[in-house]
Amino acid sequence: VFVQLALGACAGAASQAAAHPLDVVRRRLQMQGKNGKPVEFANMLDCLWKLGRNEGVSALYRGLRPACAEKIPSTAITFFAYEVLKGWLGLKTV
């Protein structure tokens, strides 16, 4: 039980850490030009480049902790439930 939850938690953390920079870019692109803010970025690559250059690479990971606080438990529980149900149904892994 613990191993399945731990592996699910690791998978959730890894997926969130990999996808979070693109989520930050998506939000920045969506919010530009709203409420009198200037349009700073032309596209996704321009946004990645300018964020890294002007604010540092750490800006791409701003907000990762709260995102992981949501993602890690949900992925761990999903992974655990999948493995338990697979066992109950007698299904084998390919």
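The chain is numbered in sequence order, starting from 1.
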Could you report the tightest heavy-atom contact between [X] and [Y], atom names first, then the distance?
| X | Y | result |
| --- | --- | --- |
| Leu5 | Ala76 | O-CB, 3.4 Å |
| Val25 | Met44 | CG1-CG, 3.7 Å |
| Pro73 | Cys68 | CD-O, 3.9 Å |
| Pro38 | Gln32 | O-CB, 3.9 Å |

- Message: Please check: side-chain N/O of Thr75 versus main-chain N/O of Ile72, any donor-acceptor pairing under 3.5 Å?
- Response: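 Checking the backbone N and O of Ile72 against the side chain of Thr75, no donor-acceptor pair under 3.5 Å is found.
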- Task: Verify, without hydrogens or angle tests, whether Asp46 (side chain) and Ala42 (backbone) share a donor-acceptor contact under 3.5 angstrom.
- Result: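 At least one qualifying donor-acceptor pair exists.
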- Should the heavy atoms of other residues, nucleotides or ligands under 6.0 Å from CZ of Arg65 be counted, would the total exceed 12?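 No, not enclosed.
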Is [X] linked to [Y] within one hydrophobic cluster, defined over Ile, Leu, Val, Met, Phe, Trp and Tyr using a side-chain heavy-atom separation of less than 4.5 Å?
| X | Y | value |
| --- | --- | --- |
| Phe79 | Val3 | yes |
| Leu85 | Phe80 | yes |
| Leu22 | Val24 | yes |

- Query: Are any non-hydrogen side-chain atoms of Arg26 and Gln30 less than 4.5 angstrom apart?
  - Reply: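 Yes, close enough: below the 4.5 Å cut-off.
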Kindly compute the distance separating [atom1] ([X]) from [atom2] ([Y]), expressed to the nearest 0.5 Å.
| X | Y | atom1 | atom2 | answer |
| --- | --- | --- | --- | --- |
| Leu51 | Phe41 | CG | CZ | 4.5 Å |
| Tyr61 | Gln16 | OH | CD | 11.0 Å |
| Leu64 | Lys71 | CG | NZ | 12.0 Å |
| Gln4 | Glu83 | CD | CD | 5.0 Å |
| Leu60 | Leu48 | CG | CG | 6.0 Å |
| Lys34 | Met31 | NZ | CE | 7.0 Å |

- Item | Under-4.0 Å salt bridge between Glu55 and Arg62 |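 Looking at Arg62 together with Glu55, the answer is yes, because their closest N to O distance falls below 4.0 Å.
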